[in-house]
**Q** 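First the structure, which I've put down as structure tokens, then a few questions once you've had a look.
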Number of protein chains: 2
Amino acid sequence: MTTTPTADWLRLDQQICFSLNAASRAFGGVYRVVLKDLGLTYPQYLVMLVLWEHGDLPVKKLGEHLRLDSGTLSPLLKRLEAAGLVRRERSARDERSVEVRLTEEGTALRERALQVPRRIATATGFDVDEIRELRARLDQLTEALDAAAVEETPGQGA
Amino acid sequence: MTTTPTADWLRLDQQICFSLNAASRAFGGVYRVVLKDLGLTYPQYLVMLVLWEHGDLPVKKLGEHLRLDSGTLSPLLKRLEAAGLVRRERSARDERSVEVRLTEEGTALRERALQVPRRIATATGFDVDEIRELRARLDQLTEALDAAAVEETPGQGA
DNA sequence: CACAATTCAATTGCACACAACTAAATGGCG
DNA sequence: CGCCATTTAGTTGTGTGCAATTGAATTGTG
């Protein structure tokens, strides 16, 4: 029991949260550089990726793919619309819903985006298998953290 | 060479950046819950960790530890000061520099923070060794990304 | 059909990140 | 000493991220 004094936990904690934070921001930094040509921010690029892969989607579905709510997506989508990459149209069937549709320009941008992943992959210095393993580990982490957050939120014990 | 069609790169890329993003935000979510008691946000907690470990520091040094610039730190430190956890004092030796000093209250908060890391570690579902390995991998990633960002920034080839 | 609960997007308020800029202070150099 | 490049914080502007609220539309129930 003397192997891990309580005070040392603070340092361990510091290091794991630092590492994740740093990696996340370092990733953002590389994307920022690479995406500059496309006129996209990193979150905007994520939105475009989802649209390119899944086609037109309501804001809600988009948010589920990206784990983002309307508070983040609404202004972001307005910027994409202002940039001429998407249109937002109220659904005829359900007027609460807003369909996000790629414009011609938005669809065309995909061609130029095809070069992005290779540049990012190169920047990581990881090969495909290493990336795959890291991704698995991170997904596992996310799942555990989400489950824990739900349990912590109400009242800890109940 | 036909193993990885270009279009598939978009999906691979999507998954690694999604995973890191998701893990980072899930982490933030758990910290948000756990730190609520202490009245700290996640970035504020990181600042306090550095101060607890290294003692009083100028803003510059703080930023080096956290990879943050004054644009982020200045308002954050003002909030910590407003909360009574730190004082900001112009250095006598170098008046450009601002020393960030823990108050009694800020020092005392450390005792209550000691329980945080264990709650976080528990939430991850990882043991110490797994955390250590993940951290090593993330640090390796960060280092590679930072190096790549520097090379990408100027003009790609120069 | 009326009405309450739910769903969905948008808005508001707050707190990071980061680029670009400003302004004060320092240090080196002739 | 006077001048200039550098260092250091702070400020401004843009863009997320998220909690909380609002308001319109839909659904379930009687």
**Q** Residues two or more places apart in sequence or in another chain: which of them pass salt bridge (charged side-chain N to carboxylate O under 4.0 Å, His left out) with Asp139(B)?
**A**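 For Asp139(B) the salt bridge (charged side-chain N to carboxylate O under 4.0 Å, His left out) partners, ignoring immediate neighbours, are Arg135(B).
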**Q** What orientation do Trp52(B) and Tyr45(B) show, parallel under 30°, tilted 30 to 60°, or perpendicular over 60°?
**A**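 If you compare the ring of Trp52(B) with that of Tyr45(B), the planes turn out perpendicular.
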**Q** State, to the nearest 10°, the angle formed by the axis through the first five base pairs of the helix from dC1(C)-dG30(D) to dG30(C)-dC1(D) and the axis through its last five.
**A**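 It works out to 10° between the end axes.
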**Q** Contact list please: residues 71-90 of chain A against DNA chain C, heavy atoms, distance less than 4.0 Å, in numerical order.
**A**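 Nucleic-acid contacts, sorted: Gly71(A), Ser74(A), Lys78(A), Arg88(A), Arg90(A).
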**Q** Restricting to salt bridge (charged side-chain N to carboxylate O under 4.0 Å, His left out), what partner residues turn up for Arg25(B), sequence neighbours left out?
**A**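 Expected list: none.
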**Q** Near DNA chain C, counting only heavy atoms under 4.0 Å, which residues of residues 57-65 of chain A show up?
**A**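 Residues of residues 57-65 of chain A that come under 4.0 Å of DNA chain C are, in numerical order, Pro58(A), Val59(A), Lys60(A).
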**Q** Mind checking which nucleotides bracket the chain B contacts on DNA chain C, 5' to 3', with an atom under 4.0 Å from a heavy atom?
**A**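 For DNA chain C, the relevant span reads dA15(C) to dT26(C).
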**Q** If the condition is side-chain contact (heavy atoms from CB on, under 4.5 Å), which residues does Arg96(B) pass it with, not counting sequence neighbours?
**A**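 Expected list: Asp94(B).
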**Q** What pairs of residues pass the ring pair (Phe, Tyr, Trp, His ring centres under 6.0 Å) test when at least one of them lies in residues 84-124 of chain A, not counting sequence neighbours?
**A**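 The answer is none; no pair qualifies.
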**Q** Please list, in 5' to 3' order, the outermost nucleotides of DNA chain D lying under 4.0 Å from any heavy atom of chain B.
**A**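 For DNA chain D, the relevant span reads dT7(D) to dA19(D).
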**Q** With side chain to side chain donor-acceptor pair (under 3.5 Å) as the rule and sequence neighbours excluded, what pairs involving residues 74-87 of chain A come up?
**A**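 Residue pairs with at least one partner in residues 74-87 of chain A: Glu81(A)-Arg88(A), Arg87(A)-Glu89(A).
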**Q** Taking side-chain contact (heavy atoms from CB on, under 4.5 Å) as the definition, give me every residue that meets it alongside Lys60(B), ordered by chain and number, with sequence neighbours left out.
**A**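 Lys60(B): side-chain contact (heavy atoms from CB on, under 4.5 Å) contacts with Glu64(B).
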**Q** Using heavy atoms and a sub-4.0 Å distance, could you list which residues of residues 40-56 of chain A are near DNA chain D? By number, please.
**A**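 Residues of residues 40-56 of chain A under 4.0 Å from DNA chain D: Thr41(A), Pro43(A), Gln44(A).
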